[in-house]
Amino acid sequence: MPSDQTPDDELLRQFRAQLSEMSSEEIHGILNGLLDASGRTVRRPERPELRRPPLEEPALFTLRVDLEHAVPPIWRRLELRSDLTLEEVHGILQTAFGWFDAHLWRFAAGGTPFDFDSQLFLCPFDVAEGEDEGLPASQVRLDEVLSTSGDRLGYVYDYGDDWQLRLLLESVRPAGDGSPPARALSGRRAAPPEDCGGFTRAEDLAGVLPDPAHFDLAGLQRSLELADLDPASYGASAVLTAVVTRLPPSPVREDLLARSLALATATDAPSAEEKRTALRGVSWFLDRAADGGLPLTAAGYLKPADVEAASRVVPEMGDWIGKNNREINAFPLFHFREALKHLKILRTFKGQLLPTRRARPAAEDPDALWSLLAQSLIPPPGSFAHDATVLLLAHIGSTPSGTAVDPHATPMALDRLGWRTPEDGAVDRWMVRDLPATTVLRNITPVQDRRAARGDWSDVARALAREALAQE
């Protein structure tokens, strides 16, 4: 052994050498068990079987749910139906503590979620991985792990921040017909926000929360009621419902459910004259293309005279820089024209821009053109463009007049749906801004300016977004 090495250094060198020769299966086997001095594996104790038969009749459980290690205490008192699955209880806890269901989670009976001698009830990812012995939370009812006052159940969300909750069953009473799955009874203090680093003390939370002492019982109850609301019961948009129901429980999902309710009850619609004025950019292309076709240059661009004429009616060109006589430099105009082609309003044939067969009859009828656009804005399901367009239309159509639409709202919802980019994984607002429907809606306005680029959509654009979502 070299003179500058200690015995511990030599042991570490030998350990690393042996480790490099082992397969991943051998390493995994060692990590899953301890070795005694003779080399025999000391097996972990088998996990207990603590499930009980479910109650014969559903009951209402009053539960106090405390965030472990919180100073002062952070807790919620909830009334839950006993026949809920633990996966459904997980969704309710996410709502109760304002989390986004963006991380792993599990329940545990007879100990904490990371004890070796507790029974685990796992989230779908942990079930698929198969590294921990446990039952799928989706297959276990609440009254199979809690039944008598004083019973406890552990829960952890986000294995990094390690939000551990303790569920204490305080009382049991019969459930009446139509009892809601969850009610908020009381609570104290704001929960730590998602991904804040595991803060549970008030002095730490003061740096990431506006008011750590705030708790809105009425707001929580509204969120629980909204989460349980069947969108079909109030005539919500079918296409929006299909997207929203894929979202995991979170404030994002609740917000979109509330928006779907607002969209279903909206009754205002623009007049034929308001449509005619707001659709003038689309009508210009259809009129010019229908009159023998709109000729393009050899490179496929509009000719300078047509660029100048179109720039006077396409709203986004209202304050565009430059002479606006070359389409290659008139980016808003070029993107608008390409968006109309994408929506199958225009087509290119033999060097000319022409209206499509479906668009030709609507050229001179603002009501028909309005309906055609409403039917064309949303791409077929199963793609990023479909989900992004539906969510964007929901945000535009449900935001009150004169209020800017949050540019980050749609990307956040897309992230919760699991959409990722090949590069860095993050969906940004520019990906939404470049959608064909976004480009067209920015140009559905009675005035010649680019306010929609800043999120200030016209009332006519908001109405068209609602019309598109209402299509069967």
Side-chain angles (χ1 to χ4, degrees), residues 50-68 70 73-99 101 105-110 113 118-121 123 135-157 163-189 191 215-234 245 248-251 253-254 257-258:
L50 301 176
R51 289 175 71 185
R52 310 160 188 168
L55 299 177
E56 292 184 3
E57 297 291 336
L60 295 178
F61 287 175
T62 298
L63 295 167
R64 170 156 168 157
V65 185
D66 281 81
L67 177 63
E68 299 277 17
I74 297 172
W75 56 272
R76 307 287 183 261
R77 180 169 283 112
L78 305 171
E79 184 178 75
L80 305 184
R81 282 184 62 98
S82 67
D83 54 357
L84 292 169
T85 68
L86 292 184
E87 187 170 46
E88 291 171 325
V89 174
H90 154 74
I92 293 168
L93 295 176
Q94 290 290 299
T95 299
F97 286 82
W99 293 328
D101 198 14
W105 52 273
R106 62 177 59 180
F107 289 90
S118 60
Q119 184 172 16
L120 302 181
F121 309 100
C123 66
L135 298 172
S138 60
Q139 299 177 12
V140 180
R141 283 176 36 153
L142 181 60
D143 56 9
E144 291 181 282
V145 291
L146 298 175
S147 59
T148 306
S149 297
D151 286 350
R152 297 170 184 265
L153 183 66
Y155 168 86
V156 64
Y157 169 66
W163 308 122
Q164 294 204 36
L165 302 180
R166 181 179 67 256
L167 286 68
L168 172 65
L169 179 56
E170 294 183 324
S171 65
V172 181
R173 67 184 181 91
D177 294 338
S179 297
R183 285 200 308 134
L185 303 180
S186 57
R188 187 65 55 86
R189 304 186 68 81
F215 172 67
D216 181 3
L217 177 61
L220 173 55
Q221 179 58 30
R222 284 195 300 272
S223 295
L224 291 172
E225 291 172 356
L226 191 60
D228 185 49
L229 199 61
D230 178 10
S233 67
Y234 55 83
T245 52
S250 71
R253 185 176 189 270
E254 295 159 24
L257 283 170

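These numbers were taken from a predicted model, which means no experiment stands behind them. Every heavy atom of this structure was used, including side-chain atoms; hydrogens, water molecules and symmetry mates were not.
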How far does CG of Leu142 sit from CG of Leu169, to the nearest 0.5 angstrom?
8.0 Å
Counting only heavy atoms not in Arg188, do more than 12 sit closer than 6.0 Å to its CZ atom?
no
Check: His90 and Asp101 side chains under 4.5 Å, non-hydrogen atoms:
yes
Do Trp99 and Tyr157 have side-chain heavy atoms sitting under 4.5 Å apart?
yes
I need the Arg81 CZ to Arg183 CZ distance, nearest 0.5 Å.
12.5 Å
Taking every heavy atom of Ala182 against every heavy atom of Leu80, the minimum-distance pair comes out as CB-CD2, 3.6 Å
Nearest non-hydrogen partners of Ser82 and Pro58, listed with the distance
OG-CA, 3.5 Å
Would a 4.5 Å heavy-atom cut-off, applied to side chains only, mark Arg106 and Cys123 as touching?
no
Step-by-step side-chain contact (heavy atoms from CB on, under 4.5 Å) determination, Val140 to Phe107
CA-CA 10 Å; Val140 180; Phe107 289 90; over 6 Å; no
Got a second to check how far Leu167's CG is from Arg76's CZ, nearest 0.5 Å?
13.0 Å
Are Arg166 and Trp75 close enough, and set up right, to give a side-chain contact (heavy atoms from CB on, under 4.5 Å), and what steps lead you there?
CA-CA 9 Å; Arg166 181 179 67 256; Trp75 56 272; over 6 Å; no
Of all heavy-atom pairs linking Leu120 and Ala108, the shortest is CD2-CB, 3.9 Å
Quick check: do Leu165 and Phe97 have side-chain heavy atoms less than 4.5 Å from each other?
yes
Could you report the tightest heavy-atom contact between Pro251 and Gly98, atom names first, then the distance?
CG-O, 4.0 Å
Give me the atom names and distance for the closest heavy-atom approach of Pro181 to Ile92.
O-CD1, 4.5 Å
Applying side-chain contact (heavy atoms from CB on, under 4.5 Å), run through Leu63 and Leu153 and close with a yes or a no.
CA-CA 10 Å; Leu63 295 167; Leu153 183 66; over 6 Å; no
Answer yes or no: is there a side-chain heavy-atom contact under 4.5 Å between Val65 and Leu78?
yes
Student check: side-chain heavy atoms of Phe121 and Arg51 closer than 4.5 Å
yes
Straight-line distance of Leu50 CG to Asp151 CG, nearest 0.5 Å
10.5 Å
Rounded to the nearest 0.5 Å, how far does CZ of Arg141 lie from CZ of Arg52?
13.5 Å
Can you tell me how far the CD atom of Glu170 sits from the CG atom of Leu146, to the nearest 0.5 Å?
12.0 Å
Quick one, Arg253 and Thr95 - any side-chain contact, counting heavy atoms below 4.5 Å?
no
Between Glu254 and Arg222, is the salt bridge (Lys or Arg N to Asp or Glu O under 4.0 Å) condition met? List the steps.
CA-CA 9 Å; Glu254 295 159 24; Arg222 284 195 300 272; over 6 Å; no
Measure the shortest side-chain to side-chain distance between Val145 and Leu86 over non-hydrogen atoms and say whether it is less than 4.5 angstrom.
yes
Do you know the tightest heavy-atom contact between Gln139 and Glu144?
O-OE1, 4.1 Å
If we ignore hydrogens and angles and just use 3.5 Å, is the side chain of Glu87 paired with the main-chain N or O of Ala137 as donor and acceptor?
no
Full working for side-chain contact (heavy atoms from CB on, under 4.5 Å) between Leu55 and Phe61
CA-CA 12 Å; Leu55 299 177; Phe61 287 175; 4.0 Å; yes
